[in-house]
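Reading through the structure tokens given below for one structure.
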Amino acid sequence: MRAFFVIFFCFGYLLGHGQKNDYTWIVGGNSVNIFKYGYQWGTAIADFKKEPVEFRYDEKITMDFSGTNSIISNTDGDLLMYSNGMYVQNRYHQDVLGLDTISYSPHWENFNYHDYLPDGSPWKSGLPGDQWILMLPDPANDTSHYIFHPYVENQKGPLYLAHLLMTKVEFGDNRSQGKVIYKDSVVRSGVFQWGLTAVKHGNGRDWWLIHGTHYNQTYDIYLLDPAGIKYVSSASDIYRDSYRYVYGNARFSSRGDFYVVAEGIEQTDSIRVAIYNFDRCSGLLTKNSKKILTDRKIFRGSVDFSLDGKFLYYTNGYKMYQCDMEEEDIFGSEVVVAEYDGSISEIYKGKLIFSAMMLAPDGKIYCIPPGNTRSIHTIEYPDERDSVCTVIQNKIALPVQNFNSLPNLPYYRLGPADGSTCDTLGLDNMPQALFRFEQDTADHLRLRFTDLSYFRPQEWLWDFGDGTSFVGRKPYWHQFKADGQYNVCLKVSNENGEHTYCRNIVIGHPSSTQGLDDVEMDVHLFPNPSDGDFNLTVSSYIPQRARILIYNSVGDLIIHKKIFYGQNKIELADHPSGIYFYQILENGMSISNGKMIKI
């Protein structure tokens, strides 16, 4: 009995806290061009430990991504390692010892440009395949991690993967640079293609992996448990026809009950979206429904789910679609939630349409355009039906160019299937409360709250710190009566326990007369320099009358704009290249100033 409680406590703590292995993303590419062209080339970090998320350029990162991209952090969200499929670097942006090369094959050299960098070293530009690599924590302990990656060949046709390989890395503590246990170990040989994805087993500890074979004629299913990886089966109940499917993208729902593949149909303008049911206990994959999208404008398929798993999103490039996964006829519930707005890349003049997408820890879906771009579209409220989900095109202006790359990540905040036949480890879903908020641009006292809680909460109680409360998951908008500090708390519970998460929210002008003089003004402008599109992030308080004033080099005021909590787009596209100066005022008081450069 004593041993049982020790084990229960350890796993209960793991399930009940942390689970932030996906809180750091890295995007960007062609950093070698910085030696010729400067500011816009390089790699950026998306830091979801910041609220709201912060995208920032980091000159220490020299790895480039050309499609293949995977990354993993520890359970507290601190970066451990990342890879572009050709080599692996650690939190210090140095090669993990022994992993300066992975997945080596003769074709690997096609992406290795010798004597390319100024110091004569090679440029390992990154493998081009979406979802070719995946990093997962070891179910046996907290310090070791697996990398699943490909051996790539090319025989008179499309790239294909001849082997699924596995590398194991140990991180002894939070300062560790990583130690290789083994690398490039063959898991299975055959002819594989895209869509290496994973989902938590119903026992809450192990992982199921699915890997598509060539042209996705079937799907190989693996189980990762404390003993290691093992092949379980090849799915037999799948959609088969005479078409050849290429350049696919696959996702599990956040509930783990559906597996969806969106893949281009070779030599056509179509994409097939195929939905499968998935059993987290047995690993059984069975057909549900499928749909053919026409008028394809993107190279590869793209698909993802809302945080609550209720809605499915997919695109043909020009349109963003949504379906309700709880309807009997899933595709019969299809609606178009956004259409391409005609925006064009400033650098390459390409269309900033919809392409690869990924559900993020903040509950939003981030969607990149294809090719080299500096834009990211967002779906602000994916849990909402129809256009209320709010697609904002080009919401994020990246500090660097990004080339077809988002990290391949599983959904980490899925617990055991309580009460199921595979709920055998004594683990329970201890609910964890979490939320985010946004400001109403018309009324700074009105905030929208979005629930991000996980591990199967069943009851929600909101306390807004002003004497009012709300019962339920979605309070939507809350109206505060006056400026001040409010300790907003969300308590979630189920039959296993409860958890409370609080945020101290400062609303209005942080002046000493309100007792708020200790509030630090956190204002971040990026990218800087820029080709004309800047993001200004305000994260420390809810502005009341904050404005940004921008002056040209001779002191003329050219922009006077109101700004809000979160991300604000500042556009200098219609102004000449040069140096500009900005000042941010709140109720006439200067809270930030600096220089901005338009290239």
Side-chain angles (χ1 to χ4, degrees), residues 70 129-140 146-151 160-168 185-240 245 248-263 272-290 301 303-305 309 408-412 414-417 420-425:
S70 192
D130 184 31
Q131 294 186 315
W132 275 10
I133 185 172
L134 181 65
M135 297 179 178
L136 291 174
D138 185 353
Y146 289 99
I147 308 171
F148 297 94
H149 52 104
Y151 180 95
Y160 73 90
L161 317 181
H163 309 290
L164 176 61
L165 306 178
M166 176 173 64
T167 292
K168 190 173 184 179
S185 175
V186 176
V187 176
R188 184 169 169 82
S189 298
V191 182
F192 308 108
Q193 196 158 331
W194 319 94
L196 183 58
T197 51
V199 68
K200 271 287 183 70
H201 189 283
N203 64 18
R205 178 195 64 191
D206 303 336
W207 291 90
W208 293 107
L209 281 78
I210 292 186
H211 196 199
T213 61
H214 202 33
Y215 296 118
N216 282 348
Q217 293 302 304
T218 189
Y219 301 99
D220 288 345
I221 300 173
Y222 304 84
L223 178 64
L224 178 65
D225 62 19
I229 188 77
K230 64 179 178 182
Y231 167 77
V232 175
S233 65
S234 292
S236 57
D237 186 24
I238 67 169
Y239 296 104
R240 290 189 176 92
Y245 296 94
N249 180 267
R251 290 279 188 268
F252 281 100
S253 72
S254 55
R255 299 173 183 173
D257 53 349
F258 290 106
Y259 175 78
V260 178
V261 183
E263 50 202 337
R272 184 182 73 175
V273 181
I275 301 175
Y276 296 92
N277 306 306
F278 187 75
D279 187 321
R280 288 205 293 145
C281 287
S282 66
L284 182 64
L285 193 74
T286 55
K287 289 185 291 189
N288 182 296
S289 51
K290 67 175 181 177
V303 62
D304 214 334
F305 290 88
N408 185 24
L409 295 160
Y411 180 68
Y412 284 99
L414 179 62
S420 67
T421 57
C422 60
D423 183 16
T424 58
L425 300 180

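The structure presented is a predicted model; accordingly, all values stated were derived computationally and were not measured. Note: hydrogens, waters and symmetry copies are ignored here, and every other heavy atom, side chains too, is used.
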With a 4.5 Å limit on heavy-atom distance, are the side chains of F278 and S253 in contact?
no
To the nearest 0.5 Å, what is the distance between OH (Y219) and OG1 (T213)?
8.0 Å
Contact check, side chains of T286 and D279, non-hydrogen atoms, under 4.5 Å
no
Got a second to check how far R251's CZ is from Y411's OH, nearest 0.5 Å?
14.0 Å
Short question: side chain of W208, backbone of R280 - any donor-acceptor pair under 3.5 Å?
yes
On a heavy-atom basis, which atom in D423 and which in A417 lie closest, and how many Å separate them?
CB-O, 3.5 Å
State, yes or no, whether a side-chain contact exists between N203 and S420 at a heavy-atom distance under 4.5 Å.
no
Gap separating the CG atom of L224 from the CE atom of M166, nearest 0.5 angstrom:
8.0 Å
Measure across M135 and Y412 and return the closest heavy-atom pair with its distance rounded to 0.1 Å.
O-OH, 3.5 Å
Evaluate the side-chain proximity of P416 to L425: yes if any heavy-atom separation is below 4.5 Å, no if none is.
no
For K230, I'd like to know if atom NZ has over 12 heavy atoms of other residues, nucleotides or ligands within 6.0 Å.
no
Within a strict 4.5 Å, meaning less than it, do heavy atoms of the L414 and K200 side chains meet?
yes
Y222 and V187: side-chain contact (heavy atoms from CB on, under 4.5 Å), yes or no, with the steps?
CA-CA 10 Å; Y222 304 84; V187 176; 3.8 Å; yes
Do L223 and Y231 touch side chain to side chain, with heavy atoms closer than 4.5 Å?
no
Gap between atom CD1 of I133 and atom CD1 of I147 - 0.5 Å precision:
6.0 Å
Least distance between heavy atoms, T197 atom then L134 atom:
C-CD2, 3.9 Å
Which pair of non-hydrogen atoms, one from S234 and one from R188, has the smallest distance, and what is that distance?
OG-NH2, 4.2 Å
So, taking the atom named CG in L136 and the one named CG in L209, what distance separates them when rounded to the nearest 0.5 Å?
5.5 Å
Angle class for the Y259/F252 ring planes (parallel below 30°, perpendicular above 60°, tilted otherwise)?
tilted
Report yes or no: does S282 contribute a side-chain atom to a donor-acceptor pair with the main-chain N or O of L284 at less than 3.5 Å?
yes
Answer yes or no: is there a donor N or O on one side and an acceptor on the other, between the side chain of S254 and the main chain of G309, under 3.5 Å?
yes
Could you go step by step and tell me if H149 and T167 meet the side-chain contact (heavy atoms from CB on, under 4.5 Å) rule?
CA-CA 8 Å; H149 52 104; T167 292; 2.8 Å; yes
Counting the benzene-type ring for Trp, do Y276 and Y239 have ring centres under 6.0 Å apart?
yes
Mind listing the closest non-hydrogen atom pair of I238 and T218 along with its distance?
CD1-CA, 3.3 Å
Answer with yes or no whether the side chains of S70 and N408 bring together a donor and an acceptor at under 3.5 Å.
no
For W207 and F148, I'd like to know if the aromatic rings sit close, meaning centre-to-centre distance below 6.0 Å.
no
Any side-chain heavy-atom pair of H211 and L164 under 4.5 Å:
yes
Do K168 and D138 touch side chain to side chain, with heavy atoms closer than 4.5 Å?
yes
Do you know which two heavy atoms are closest between H201 and C422, and how far apart they sit?
CE1-CB, 3.7 Å
